[in-house]
Enquirer: 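Attaching a single structure in structure tokens format; questions to follow.
This chain uses plain numbering: 1 for the first residue, then up along the sequence.
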Amino acid sequence: MTDAAEKLEARITELRAEVRRAVTAGDRATARQLRAELRRTEDAWDSAVLGAETPQAEAPPERTEAAAMPIREHVHRALTLINAPASPKLVLAVDQSFFSGAITPARLTSLRRDEERSFRASPYTRPYYICAALTADHLAPARGLMAVSTWPLAQRMIGPLSPRVDLLTATVRLAEHIAAQPDCGPGARRVMWKLSVSIPGVQGAPDTIDPVAVIDAATRELAVHRDEDTRRRAEAARRASQQLDEASRLFGVRLGVAGRRRNELG
């Protein structure tokens, strides 16, 4: 074998060992990332040793790159655009319509659990974690909502007005993206339209809706709710900072645990 092939073979051995260690440690996200690298390295070894196969139609570079990205990076990118706690359904729709569309529902099922396990095993070793939004009353994980650990704690709190405020926030963010990049496809406009149909003053079908008009209408309604929602979220964030440890501030606690901590603090 050539020197290049021998180096690839050594790297394959290293990657297999790293995959086993990640699986043993329960870090499934890292294991998936390493497994993807292992597959690419094995393909390179096949080409170096066995020769290139008959060329086939290549996937677009952005799709190939997206397929190699860890699922957590796809979710982080979608949530960063939305800039508010969001359901897996909305995260999937945004990834599909605004980005690569590489997320599948099955891959989201255990993501937050994997992120929590990774954080508890080795806190803050990653630049961010996909974590939970927390209910303002019980400081428990808000059902079906994903968030980013680097957001301010108050932004991850969910009070009575927060679902509406977050919908309006997401609508403005997507509309701004579409207004700035008019070449966004019809899928992106449809996602924006679905979010905006309940906003007073918004008119038009998915293919005719005006993103600037959507921004104006959503911003007007946000002005009605934002101050009260901000106040309640800030209050809940202060309680969370006093009552919860670092992991619980990111991933929430069971209702019974939260109640006991409130009693202990008086």
Enquirer: Does the side chain of Ser118 come within less than 4.5 Å of Arg126's, by heavy atoms?
Expert: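 They are in side-chain contact.
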Enquirer: Report yes or no: does Trp193 contribute a side-chain atom to a donor-acceptor pair with the main-chain N or O of Thr208 at less than 3.5 Å?
Expert: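 Side chain of Trp193 to backbone of Thr208, a donor-acceptor pair under 3.5 Å: no, none is there.
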Enquirer: Tell me the closest heavy-atom pair linking Arg249 and Leu244, and the distance in Å.
Expert: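 Taking Arg249 first and Leu244 second, the nearest heavy atoms are NH1-O, 2.6 Å.
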Enquirer: Phe99 ring centre to Arg77 NZ or CZ under 6.0 Å, with the angle to the axis within 45°?
Expert: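 Geometry flag: set, cation within 6.0 Å and 45°.
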Enquirer: Can you measure from CZ (Phe251) to CG (Leu134) and round to the nearest 0.5 angstrom?
Expert: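 Reported to 0.5 Å precision, the distance equals 10.5 Å.
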Enquirer: Taking the six-membered ring of Tyr129, is the NZ or CZ of Arg112 close enough (under 6.0 Å from the centre) and on axis enough (within 45°)?
Expert: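 Because its charged atom misses either the 6.0 Å distance or the 45° angle limit, Arg112 does not stack over Tyr129.
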Enquirer: In a check of side-chain contact (heavy atoms from CB on, under 4.5 Å) between Ser196 and each of Leu174, Thr171, Val172, which one passes?
Expert: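 With Ser196 as partner, side-chain contact (heavy atoms from CB on, under 4.5 Å) holds for just one option, Thr171.
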Enquirer: Check whether more than 12 heavy atoms from other residues, nucleotides or ligands sit under 6.0 Å from atom CD of Gln203, and answer yes or no.
Expert: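 Atom CD in Gln203 is not packed in, count stays at 12 or less.
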Enquirer: Just do the side-chain contact (heavy atoms from CB on, under 4.5 Å) check on Asp166 and Ile158 with the steps written out, would you?
Expert: CA-CA 9 Å; Asp166 288 344; Ile158 303 297; 3.6 Å; yes
Enquirer: Are Ile130 and Asp114 packed together at the side-chain level, in the sense that at least one heavy-atom pair is separated by less than 4.5 angstrom?
Expert: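 Sidechains of Asp114 and Ile130: no contact.
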Enquirer: Can you give me the closest heavy-atom contact between Ala136 and Gly159, atom names plus distance?
Expert: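 Shortest heavy-atom separation between Ala136 and Gly159 comes out as CB-CA, 3.9 Å.
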Enquirer: Which atom names give the shortest non-hydrogen contact between Arg156 and Ala147, and what distance separates them?
Expert: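 Smallest heavy-atom distance, with atoms named: CD-CB, 3.7 Å.
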Enquirer: Could you tell me the separation between the OH atom of Tyr128 and the OG1 atom of Thr80, rounded to the nearest 0.5 Å?
Expert: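 It comes to 8.0 Å.
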Enquirer: Output yes when a side-chain donor or acceptor of Arg189 lies under 3.5 Å from a complementary backbone atom of Pro206, and no otherwise.
Expert: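 The answer is no, because no donor-acceptor pair under 3.5 Å joins these two groups.
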Enquirer: Rounded to the nearest 0.5 Å, what's the gap from CD1 on Ile82 to CE on Met146? Could you check?
Expert: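 Spacing of CD1 (Ile82) from CE (Met146) equals 10.0 Å.
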Enquirer: Please tell me whether Asp245 and Ser248 have a donor and an acceptor in their side chains that are separated by less than 3.5 angstrom.
Expert: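 Yes.
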Enquirer: Backbone N or O of Ile12 within a donor-acceptor pair of the Thr41 side chain at under 3.5 Å?
Expert: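 No, the answer is negative, given that no donor and acceptor are paired below the 3.5 Å cut-off.
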Enquirer: Run through Arg232, Arg231, Arg239 and flag the one making a side chain to side chain donor-acceptor pair (under 3.5 Å) with Glu235.
Expert: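 The passing option is Arg231.
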Enquirer: Step by step, would you call Arg226 with Val165 a side-chain contact (heavy atoms from CB on, under 4.5 Å)?
Expert: CA-CA 7 Å; Arg226 183 185 286 121; Val165 167; 5.6 Å; no
Enquirer: Please report the closest heavy-atom contact between Ala175 and Ile215, naming both atoms and the distance.
Expert: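 In terms of heavy atoms, the two residues are closest at CB-CG1, 3.5 Å.
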Enquirer: Evaluate side-chain contact (heavy atoms from CB on, under 4.5 Å) for Val202 paired with Val197, printing each intermediate quantity in order.
Expert: CA-CA 7 Å; Val202 173; Val197 290; over 6 Å; no
Enquirer: Less than 4.5 Å apart, side chain to side chain, heavy atoms only: is that true for Arg233 and Leu161?
Expert: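 Heavy-atom side-chain distance check fails, nothing below 4.5 Å.
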Enquirer: Find out whether Pro85 and Trp151 are in side-chain contact, i.e. whether some heavy atom of one side chain is under 4.5 Å from a heavy atom of the other.
Expert: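 Yes - at least one pair of side-chain heavy atoms lies under 4.5 Å apart.
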Enquirer: Would you indicate whether the side-chain heavy atoms of Ile199 and Arg220 approach each other to under 4.5 Å?
Expert: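 Side chain of Arg220 against side chain of Ile199, heavy atoms only: no contact under 4.5 Å found.
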Enquirer: Nearest 0.5 Å, what's the OG1-CG distance between Thr169 and Leu195?
Expert: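 It is 11.0 Å, given to the nearest 0.5 Å.
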Enquirer: Determine the minimum heavy-atom distance between Ala217 and Pro200, stating which atoms define it.
Expert: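 Looks like CB-O, 3.6 Å.
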Enquirer: With hydrophobic residues grouped by side-chain heavy-atom distances under 4.5 Å, do Phe119 and Leu108 end up in a single group?
Expert: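 Per the 4.5 Å side-chain linkage, Phe119 and Leu108 are not co-clustered.
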Enquirer: Is there a path from Leu145 to Leu92 through hydrophobic residues (I, L, V, M, F, W, Y) whose side chains come within less than 4.5 Å of each other?
Expert: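 No; Leu92 is not reachable from Leu145 via cluster members.
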Enquirer: Drop me the distance from Glu221's CD to Leu167's CG, to the nearest 0.5 angstrom.
Expert: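 Separation between the atoms: 8.5 Å.
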Enquirer: Evaluate Lys194 against Val191 for side-chain contact (heavy atoms from CB on, under 4.5 Å), listing each step before the verdict.
Expert: CA-CA 5 Å; Lys194 286 183 177 180; Val191 173; 5.9 Å; no
Enquirer: After noting the C-alpha distance and the side-chain angles of Arg164 and Ser198, does the key distance pass the side chain to side chain donor-acceptor pair (under 3.5 Å) rule?
Expert: CA-CA 10 Å; Arg164 186 62 179 176; Ser198 67; 2.9 Å; yes
Enquirer: Looking at side-chain heavy atoms only, is the closest gap between Leu153 and Arg238 below 4.5 Å?
Expert: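 With C-beta onward as the side chain, the pair stays apart.
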Enquirer: Any donor and acceptor pair, going by atom type alone, linking the side chain of Glu115 with main-chain N or O of Ser110 inside 3.5 Å?
Expert: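 Checked: no pair found.
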Enquirer: With a 4.5 Å cut-off on side-chain heavy atoms, are Met192 and Pro211 touching?
Expert: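 Pro211 vs Met192: side chains touch.
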Enquirer: Are the side chain of Asp229 and the backbone N or O of Ser162 linked by a donor-acceptor pair below 3.5 Å?
Expert: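 Indeed, once roles are kept as given, a pair shorter than 3.5 Å links the two residues.
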Enquirer: Do Leu250 and Val75 belong to the same hydrophobic cluster, where Ile, Leu, Val, Met, Phe, Trp and Tyr are linked whenever their side-chain heavy atoms lie under 4.5 Å apart, directly or via other members?
Expert: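 Cluster IDs for Leu250 and Val75 differ.
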Enquirer: Looking at CD of Gln181 and CZ of Phe98, how far apart are the two atoms once the value is rounded to the nearest 0.5 Å?
Expert: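 Between Gln181 CD and Phe98 CZ, I get 9.5 Å after rounding to 0.5 Å.
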Enquirer: Are the side chain of Ser122 and the backbone of Thr125 linked by a donor-acceptor contact shorter than 3.5 Å?
Expert: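 No; judged by distance alone, with no hydrogens or angles, the pair does not exist.
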